[in-house]
Amino acid sequence: MALLQLKSIGQTYFSKTSATTALEDITLSVNEGEFISILGPSGCGKSTLLSIIAGLLLPTTGSVMVNNQPVTQPHPKIGYMLQQDYLFPWKTIEDNITLGLKLRDQNTNEHIQAALRLLKEIGLDHTRSKYPSELSGGMRQRVALVRTLATQPKMLLLDEPFSALDYQTKLKLEDLVSSTLKEHGKTAILVTHDIGEAIAMSDTVILLSSNPGRIFRTFKIPETLKKLLPFEARQHPHFSSTFQQIWEELEHIEQNDNE
Amino acid sequence: MNKTIMNEKHVEFLQSIKKEKRNIRFVQLIMFISFFSLWEVSSLRGWINPLLFSSPTKIWALFLEKIGDGSLYIHVIYTLGETVLGFILGTLLGTLLAALLWWSPFLSKVLDPYLVVLNAMPKVALGPILIVAIGPNFGSIIAMGILISIIITTLVVYTAFQNVDDNYIKVIRSFGGNKKQCFKEVILPACFPTIISSLKVNVGLSWVGVIVGEFLVSKQGLGYMIIYGFQVFNFTLVLMSLLIIALMATVMYQGVELLERKLIKHHIQ
């Protein structure tokens, strides 16, 4: 059964002079353990869609269901990771990663120990009592991942989490995030404008057209690529053919926009 | 380059920093000494009116005399207490008011023009009303110290609250946090640097409020000593009070700076 279901989601923003439709008729279901990427040109409402799934924004029309229950506020089983780490500079790394537990009233010793184990797993055990300003960008984003995972969500929403990093760090982090999520059996939705990243990391890629954002095409990533780590997937011969395919579809979207 | 040369260069660099620091201190000291010597000499030679401008030695003698008979002590304590209470309460209440405005955008829109008017108005002009309303005592002087700093603190801190990056709030909300938790975990700690820096401004403002308050109430305190000295034409007393105020204001300012360094060392991003 699907973990997440979106039923004809639509989002319209109102201003004094106009009403802008950002999303229209988005219907989608995500199974447990699946990794989905949402790819599209900037301004296609990708991040808006993620905010709606996270329960931070109520859609103008349609509904979001998790385990067949409608989502109207941030759901405890959904974790959200932003473009930048947004670690709190005045909190130590330990206080940062246990923030979610504190807010969700789950800061029992057991949960805190689990969060610290996760920090160790990700190779940042030694930063526990440091402050974010003492860490590099890649390390900070890894801490942000631990913070998101600490509340033990079933599903992670990733809003271009690698876009603020340099290329090398980004590639390394893709592998780390991908393997960590697989290991813990998490479902994930990644929003990105990077075709390569979408192919390398996910099982399914969904292309959104812009103005308003709609589902334009859904790609299933070949099994051979799915099994590989993102970095290895990028070297595989199937990668470039899939890349080519998606590239052409994106071109179509752009042409449609210009007409 | 090999290591020893690097080390030598480093030592040279450190020495040049030290040297500059020493030069600055030296010039500062020279300025201090020449100012007071020039003052003393001009007063002695009659280049300036000694009745009006007094002289450092006369001020020092008066200072020792006042300490000797214990009369200075009470005035200093009064003024110091009023000022400290004034700027701490002014900052706290201003921050509280800013929190209220942040909490209710409706209230903030309603109060906006009133705050602008209140901020533009010279608060010391309210002094006489305060004294009649509260009475010529400690209370009305502290009220003056608060009044002079509260509105500007509210405006500055509220602006800082509004400028906190929304994404931090998004983090809190994605964990199911409510508005109160947003304030406690993000808004307030993110604005600590602003609150401390308004504390610094308020140290100065509070001195103005308290001294004017003491002018009007005229019972005790350094403000009272200034007014009294002026009335009996004892400008040595006036200048001595002024120097004490300058010294104490500096000490307070340094104190707040120390607090600043302690409290917000991790706020840089």
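Residue numbering restarts at 1 for every chain, and letters A, B, ... go by the order of the sequence lines. No hydrogens, no waters, no symmetry mates; every other heavy atom, side chains included, goes into these values.
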Enquirer: Specify the closest pair of heavy atoms between Phe88(A) and Val186(B), including all atoms of both residues, with the distance to one decimal.
Expert: CE2-CG2, 3.3 Å
Enquirer: Please state whether the side chain, the backbone, both or neither of Asn178(B) comes within less than 4.5 Å of a heavy atom of chain A.
Expert: neither
Enquirer: If you count the non-hydrogen atoms of other residues, nucleotides and ligands that lie under 6.0 Å from CD in Glu110(A), is the total more than 12?
Expert: no
Enquirer: Scan residues 126-152 of chain A for pairs that pass ring-ring contact (aromatic ring centres under 6.0 Å, His included), counting only residues two or more places apart or in two chains.
Expert: Tyr131(A)-His266(B)
Enquirer: Once you measure the plane-to-plane angle for Trp90(A) and Tyr168(B), does it fall in the parallel (<30°), tilted (30-60°) or perpendicular (>60°) bin?
Expert: tilted
Enquirer: Just distance, no hydrogens or angles: give the donor-acceptor pairs under 3.5 Å from side chains in residues 99-115 of chain B, sequence neighbours left out.
Expert:
{"unit_1": "Ser104(B)", "atom_1": "OG", "unit_2": "Leu107(B)", "atom_2": "N", "d": "3.0"}
{"unit_1": "Ser108(B)", "atom_1": "OG", "unit_2": "Tyr158(B)", "atom_2": "OH", "d": "2.8"}

Enquirer: Would you name the heavy atoms of Arg104(A) and Ser174(B) that are closest together and state the gap between them?
Expert: NH2-O, 3.4 Å
Enquirer: So which part of Leu56(A) gets closer than 4.5 Å to some heavy atom of chain B, the side chain, the backbone, both or neither?
Expert: both
Enquirer: Please identify, among Lys91(A), Gln84(A), Arg147(A), the residue contributing the most non-hydrogen atom pairs under 4.5 Å to chain B.
Expert: Arg147(A)
Enquirer: Just wondering, are more than 12 heavy atoms of other shown residues or ligands nearer than 6.0 Å to NZ in Lys179(B)?
Expert: yes
Enquirer: Mind checking whether Leu87(A) and Val171(B) have side chains closer than 4.5 Å, heavy atoms only?
Expert: no
Enquirer: To the nearest 0.5 Å, what is the distance between OH (Tyr86(A)) and CG (Asp166(B))?
Expert: 9.5 Å
Enquirer: Flag yes if more than 12 heavy atoms outside Gln113(A) fall under 6.0 Å of its CD atom; otherwise flag no.
Expert: yes
Enquirer: Kindly compute the distance separating OG1 (Thr148(A)) from CZ (Phe175(B)), expressed to the nearest 0.5 Å.
Expert: 5.5 Å
Enquirer: Using a cut-off of 6.0 Å, state whether more than 12 heavy atoms not belonging to Lys184(B) lie near its atom NZ.
Expert: no
Enquirer: Within the structure provided, determine whether Leu99(A) and Glu185(B) are in side-chain contact (heavy-atom separation under 4.5 Å).
Expert: yes
Enquirer: Just wondering, more than 12 heavy atoms not from Tyr73(B) lying within 6.0 Å of its OH?
Expert: no
Enquirer: Using the side chain to side chain contact (heavy atoms under 4.5 Å, CB included) rule, take Leu82(A) and Lys170(B) through it: C-alpha gap first, then chi angles, then the decisive distance, then the call.
Expert: CA-CA 9 Å; Leu82(A) 289 91; Lys170(B) 212 170 173 181; 4.0 Å; yes
Enquirer: Should the heavy atoms of other residues, nucleotides or ligands under 6.0 Å from NZ of Lys200(B) be counted, would the total exceed 12?
Expert: yes
